[in-house]
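See structure below.
Counting starts at 1 for both ligands and their atoms, following the listed order.
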Amino acid sequence: MDFDDSPDEAAYRARVRELLERHSGELLRLSPGQENVDARTHEAEMRRTQRVLADAGLVGVPWPKEFGGQGGTLVQQSIVSQELARARVPVLINHIGIGMCGPTVIGHGSQDQRDRYLARLLRADDVWCQLFSEPASGSDLAALRTTAVRDGDDWVVNGQKVWTTLAHVSDYGILLTRTDPERPKHAGLTMFVVDMHAPGVTVRPLRQMGGQSDFNEVFFHDVRIPDSERLGEPGEGWRVALTTLMNERVAIGGAGGAIGPTVETLAQHARDRLPALDPERQVLARQAVGRAVVAALGARYTGYRRLTVLSQGGIPGPEASAGKLAGTEAARLVADAGVRLLGDDALYAATADGDDQWQRTQAYVPGIAIAGGTDQVLRNILGERVLGLPPEPRNDKTAAFSASRSDGGAR
Ligand SMILES: Cc1cc2nc3c(=O)[nH]c(=O)nc-3n(C[C@H](O)[C@H](O)[C@H](O)COP(=O)(O)OP(=O)(O)OC[C@H]3O[C@@H](n4cnc5c(N)ncnc54)[C@H](O)[C@@H]3O)c2cc1C
């Protein structure tokens, strides 16, 4: 495996760095040690940052040119992501729109939908969210219960979604609904674009244990969606959702690029804090830092497997699952080592200098282990697809959803 850029990739990277340097003054930056920013507080600045990057040709790199993208490669997209992380530009506000919703509209939307939505999405004129998970369907996504019922030229939607990242700042979402409960659970689904400002849509932010509110509950009460906002045919929602999930898989699993600055921050933190710890705690903290750095390097190199598949024109499968697992483990160990280095200060919400980044990061990491496929589900994928273990029994593929226990135990 060759970890170095090819000459073309090196030239592209140099161009990206030059563009970031040129627009340096117009971009929102993370302060040292900060790993993310609150989208609600910084919404206007984050939208402006994405717009500047879009106008510089650094957003939607692999999207086809006809939809406002650059017609580039997924490797070039990875290079842009790495350079944005290196320049401490926060994750783009519309990252879900760019990585998942937009490609779904490209793949399954009408020309009218593509014309209306895609250019605005790339420039963060509209922010998008992904309305899939529900209280009783996450890993088992096809068990969802939010209904859409046809009424003339509209569909009427009722139900609840949960965990919806960015819904509180979103203008549109892709919404997976059940339109035919008499068909097997994967066959009775339909996907729509929903206007998040439509009457009957209620967004309720959820407060996380780190204090921030990145995701939300979203309630739909008699929300009317025109049939022209359907993505794909009625009953084909699962096929459309697979496009979204495949793009999610491409978007995640490359944690290695983002881990570099975190390890540097940890190393600096260790230099600052180790001398103040008593000898026994120093030993334990050194070991924790060592384990974290090894895990972070492991995540980086596991991430290169995904890059290798991308550079060969493929779509990462189990490589993305392994990359996400390794990245999550590294993030957990880095955060734990950071907190351990604080000694007794870790007991307080903020350290003496008012910085609680390590506690906040530690509180955030469990979410990473759930979002976009839980650790356990990813291990199932690796077990089945890499180790060749027998698949889990799936006995609900043929019965009507209405007859299944997941529809409230009707049987
Ligand atoms: C930070 C964050 C952001 C998110 N953003 C979004 C978003 O924008 N849009 C959206 O639609 N969703 C989003 N989600 C939801 C996410 O996709 C789900 O939380 C995830 O799929 C897990 O589903 P669940 O929470 O229902 O847990 P469940 O699926 O109920 O799982 C509960 C536990 O059972 C385990 N488990 C489940 N099935 C199996 C199995 N077959 N084998 C072994 N163990 C199993 C799981 O690993 C877990 O430990 C987000 C979640 C988080 C944490």
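- Using modelled atom types, one side-chain atom of N158 and one backbone atom of D222 make a donor-acceptor pair closer than 3.5 Å.
- When hydrogens are left out, the protein atom nearest atom 21 (O) of ligand 1 is G138 C, 3.5 Å; that is the closest non-hydrogen contact.
- Counting only distance, with no hydrogens or angles, the side chain of E26 and the backbone of R48 share no donor-acceptor pair below 3.5 Å.
- When hydrogens are left out, the protein atom nearest atom 17 (O) of ligand 1 is S133 OG, 3.4 Å; that is the closest non-hydrogen contact.
- The residues R17 and E21 are annotated as not salt-bridged, no charged nitrogen and carboxylate oxygen being separated by less than 4.0 angstrom.
- If you check each of L176, L206, T165, L378 against atom 8 (O) of ligand 1, the one with the closest non-hydrogen atom is T165.
- Counting heavy-atom neighbours within 6.0 Å of D153 CG, excluding the residue itself, gives a total of 12 or less.
- Counting only distance, with no hydrogens or angles, the side chain of R178 and the backbone of T147 share no donor-acceptor pair below 3.5 Å.
- When each atom of ligand 1 is checked for a heavy atom of F132 under 4.0 Å away, the hits are 11 (O).
- Distance screen at 4.0 Å: atom 32 (C) of ligand 1 has no protein heavy-atom neighbour inside the cut-off.
- Considering both main-chain and side-chain atoms, E392 comes within under 3.5 Å of ligand 1 through a nitrogen or oxygen pair.
- For the pair P234 and R150, the minimum side-chain heavy-atom distance is 4.5 Å or more.
- Across T374, L144, V377, heavy-atom proximity to atom 39 (C) of ligand 1 is greatest for V377.
- Looking only at heavy atoms of the protein, atom 1 (C) of ligand 1 is closest to F215 CE2, 3.4 Å.
- Counting heavy atoms of neighbouring residues, nucleotides and ligands inside a 6.0 Å radius, atom CZ of R15 does not exceed 12 of them.
- Where the criterion is an N or O separation shorter than 3.5 Å, residue side chain and backbone included, E134 fails it with respect to ligand 1.
- Checking atom 35 (C) of ligand 1 against the protein gives no heavy-atom contact under 4.0 Å.
- Taking a 6.0 Å sphere around CD of Q111, one finds it holds more than 12 heavy atoms contributed by other residues, nucleotides or ligands.
- Contact annotation: the side chain of M191 approaches that of T244 to within less than 4.5 Å [non-hydrogen atoms, C-beta and beyond].
- Of the protein's heavy atoms, S139 OG, 3.6 Å lies nearest to atom 37 (C) of ligand 1.
- Of the listed residues (H108, E229, R230), just one forms a side-chain hydrogen bond (donor to acceptor under 3.5 Å, both in side chains) with Q113, and that residue is E229.
- Atom 49 (O) of ligand 1 has its closest protein heavy atom at Q376 OE1, 3.5 Å.
- Of all protein heavy atoms, the one closest to atom 13 (C) of ligand 1 is W163 O, 3.4 Å.
- With a 4.0 Å heavy-atom cut-off, ligand 1 is reached by the backbone of I370 and by its side chain too.
- Closest to atom 43 (C) of ligand 1 by heavy atom, among N380, I96, L166, is N380.
- Here is the list of ligand 1 atoms found below 4.0 Å of a heavy atom in Q130: 7 (C), 8 (O), 9 (N), 10 (C), 11 (O).
- With a 4.0 Å heavy-atom cut-off, ligand 1 is reached by no atom of D375.
- In terms of protein heavy-atom proximity, atom 2 (C) of ligand 1 is closest to A371 CB, 3.4 Å.
- Within the 4.5 Å cutoff, the side chain of L274 has heavy atoms near those of the R286 side chain.
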